[in-house]
Amino acid sequence: MTALIDLASHLAGDPSSPAVKTVVTEIAAACARISRVVAGGAILGNLGAAGITNVQDEEQKKLDILTNDLLSDALKACDPVAGIASEELEHVETTGRQGGYLVTFDPLDGSSNIDVNVSVGTIFSILPAPEGREPEEADFLQPGRHQVGAGYAVYGPQTMLVLTLTSGVVGFTLSADDKWLLTHASSTIPADTAEFAINMSNQRHWAPPIRRYVDGCLAGKEGPRAKNFNMRWVASMVADVHRILMRGGIFMYPWDAREPGKPGKLRLMYEANPMALIVERAGGKATDGVTPILDLAPSKLHQRVPVVLGSANEVDQVARETAAG
């Protein structure tokens, strides 16, 4: 068996700046610690609700708070980081430094799965910070194409770190001695797929284009798509996107009529943007149904968007249904 290189060796050969590599190294180390905390579960008393809600008005789990503190503390102590923003924090937090980078993150995606031992994860995005002054909240509101790096860790049967910096998408697996080893040197998403991921319980609330698209998939060989589809849904974006990265598929979290004033459920800055960069770099597409996610101009820190991402030809099919009204 060929010896696997570790994260440090991989970063040494990447053309990213030394500062970006430092930030990635700190995030990776924090994710390794989070993996142990998540794996400890009930043994460490980490399961269950914390009894409070976050800025999203969502009930926080104990692990939401623990993982947010782990990542926040690590990043605020990291020299190139000028500021951070988290799903669990109402406002940005700055470090007193100028220049360098801003990091946005969802410390533990898939909270509804924490207590039932289903895969959860961490999502992060790295953006350039302004030079010559400390950052403000407005400095975080950059289109996704400004990202200098993005990634996620998935805590499942194996703990994996998926990363994109200057180009391509690579994956590392956490070894028993806490080393990130390169196990997926070049991940790509096939253009075609016969697998879709969506929460079917919300079907009656979707807009007509999404209903038409899913109805076409469910009709199988006898329907307009002339092929059979399988459906998968983990209810953890990290787990669903990771499956698509490994074998193809399409993931949809569209607008629905339950909360018509909200354009979508997922957050642009620290969920949709980093995942969109990974998916595009792997040869897939990521849109809000029509417009590429990475081209959206953020207007607020916790902005929500509809998300359609994965195999390019299926994302295009959703766009055609949307254009048809």
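Numbers for residues simply follow the sequence, beginning at 1.
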Output for pair (Phe172 CZ, Leu163 CG), nearest 0.5 Å, gives 6.0 Å
Task: Val290 with Val308, same ILVMFWY side-chain cluster at under 4.5 Å - done: no
Check: Under a 4.0 Å N-O cut-off, is there an ion pair linking Asp240 with Arg243?
Finding: yes
Q: Could you state whether Val170 and Leu277 fall into the same hydrophobic cluster, counting links through intermediate Ile, Leu, Val, Met, Phe, Trp or Tyr residues with side-chain heavy atoms under 4.5 angstrom apart?
A: no
* To do: Output yes when a side-chain donor or acceptor of His242 lies under 3.5 Å from a complementary backbone atom of Ala153, and no otherwise.
  => no
What do the steps show when you test Asn113 against Val234 for side-chain contact (heavy atoms from CB on, under 4.5 Å), and what is the final call? CA-CA 9 Å; Asn113 288 323; Val234 182; 4.1 Å; yes
### Query
Between Trp206 and Asp256, is a side-chain contact (heavy atoms from CB on, under 4.5 Å) present by the stated rule, with each step listed?
CA-CA 5 Å; Trp206 298 334; Asp256 70 53; 4.2 Å; yes
*Keeping the roles fixed (side chain from Arg97, backbone from Val81), state whether a donor-acceptor pair exists under 3.5 Å.*
yes
### Task
May I ask you to decide if Leu301's main-chain N or O and Arg267's side chain share a donor-acceptor pair within less than 3.5 Å?
no
Handout entry: Donor-acceptor pair, side chain of Asp288 and main chain of Thr291, under 3.5 angstrom
Key = yes
query = Taking the six-membered ring for Trp, are Trp233 and Phe251 parallel (under 30°), tilted (30 to 60°) or perpendicular (over 60°)?
reply = parallel
State plainly whether one hydrophobic cluster holds both Ile27 and Leu182, where clusters connect Ile, Leu, Val, Met, Phe, Trp and Tyr through side-chain heavy atoms under 4.5 angstrom apart. yes
Q. Below 4.5 Å, heavy atoms only, C-beta onward: do Pro298 and Gln142 meet side chain to side chain?
A. no
Could you tell me if Ser72 and Asp69 have a donor-acceptor pair between their side chains, going purely by distance under 3.5 Å? no
Looking only at heavy atoms, the pair that brings Val279 and Lys285 closest together is CG1-O, 3.4 Å
Quiz item: So, are Glu271 and Lys265 salt-bridged, with charged N and O less than 4.0 Å apart?
Solution: no
May I have the step-by-step check of side-chain hydrogen bond (donor to acceptor under 3.5 Å, both in side chains) for Tyr101 and Ser17, ending in yes or no? CA-CA 11 Å; Tyr101 297 96; Ser17 73; 3.2 Å; yes
To the nearest 0.5 Å, atom CD1 of Ile293 lies from atom OG1 of Thr287 at 6.5 Å
Flag, side chain of Lys227 to backbone of Thr193, donor-acceptor distance under 3.5 Å = yes
Ile189 vs Leu245 side-chain heavy atoms within contact, under 4.5 Å:
yes
d(Lys76 NZ, Leu71 CG) to nearest 0.5 Å is 11.5 Å
Distance col, row Thr173:OG1 vs Leu161:CG, nearest 0.5 angstrom, shows 9.5 Å
Closest non-hydrogen contact found for Asn228 with Gly220 is OD1-CA, 3.4 Å
Just by modelled atom types, is the Ser119 backbone N or O under 3.5 Å from a matching donor or acceptor in the Ser236 side chain? yes
**Stepwise side-chain hydrogen bond (donor to acceptor under 3.5 Å, both in side chains) test for Tyr213 and Thr322** = CA-CA 9 Å; Tyr213 173 80; Thr322 302; over 6 Å; no
Do other residues, nucleotides or ligands put more than 12 heavy atoms under 6.0 Å from Glu259 CD?
-> no
(message) When you compare the side chain of Val318 with that of Glu314, does any pair of heavy atoms fall below 4.5 Å?
(response) no
Is the backbone N or O of Met237 less than 3.5 Å from a side-chain atom of Asp109, with the two atoms forming a donor-acceptor pair by type? yes
Taking every heavy atom of Glu321 against every heavy atom of Arg212, the minimum-distance pair comes out as O-NH2, 2.8 Å
Shortest non-hydrogen pair, Ser16 vs Thr166, comes out as OG-CG2, 3.5 Å
Note: Asp14 and Lys21 closest approach over all heavy atoms is O-NZ, 2.7 Å
Notebook entry, point to check: So do the side chains of Ser125 and Met269 get within less than 4.5 Å of each other, counting heavy atoms only?
Noted result: no
Q. Under 4.5 Å between any side-chain heavy atoms of Pro80 and Val20, yes or no?
A. no
For side-chain contact (heavy atoms from CB on, under 4.5 Å), just list the numbers for Ile210 and Ile198, CA-CA rounded to whole Å, side-chain angles, deciding distance to a tenth of an Å, and then say yes or no. CA-CA 10 Å; Ile210 297 296; Ile198 196 168; 4.0 Å; yes
- Between the side chains of Asn68 and Ser86, is a donor N or O closer than 3.5 angstrom to an acceptor N or O? yes
| query | Sub-3.5 Å donor-acceptor pair from the side chain of His302 to the main-chain atoms of Glu90, do we have one? | reply | yes
Exercise. Salt-bridge test for Asp178 and Arg36: reply yes if a basic N is under 4.0 Å from a carboxylate O, no otherwise.
Key: yes
OG of Ser9 to CG of Leu4, rounded to nearest 0.5 Å, is 11.0 Å
TODO: Establish whether Leu294 and Val305 are linked, either directly or via other cluster members, by ILVMFWY side-chain heavy-atom contacts under 4.5 Å.
DONE: no
- Message: For Phe229 and Val214: C-alpha separation, side-chain torsions, deciding distance, then whether side-chain contact (heavy atoms from CB on, under 4.5 Å) applies.
- Response: CA-CA 10 Å; Phe229 282 78; Val214 173; over 6 Å; no
field: pair Thr122-Tyr155: side-chain heavy atoms closer than 4.5 Å
entry: yes
I'd like to know if Leu44 and Leu66 are part of one continuous hydrophobic network [Ile/Leu/Val/Met/Phe/Trp/Tyr, side-chain heavy atoms within less than 4.5 Å]. no
Smallest heavy-atom separation, Glu134 atom then Asp139 atom, equals O-OD2, 4.4 Å
In this structure, CG of Asp64 is separated from CD of Glu88 (nearest 0.5 Å) by 4.5 Å
**Report entry** Pairwise side-chain contact, Ile114 with Lys62, heavy-atom cut-off 4.5 Å (strictly under)
**Finding:** no
Item checked: Any Val238 side-chain heavy atom under 4.5 Å of Met160 side chain -> no
Check: Between Arg204 and Ser201, is there a donor-acceptor pair closer than 3.5 Å when you use the side chain of the first and the backbone of the second?
Finding: yes
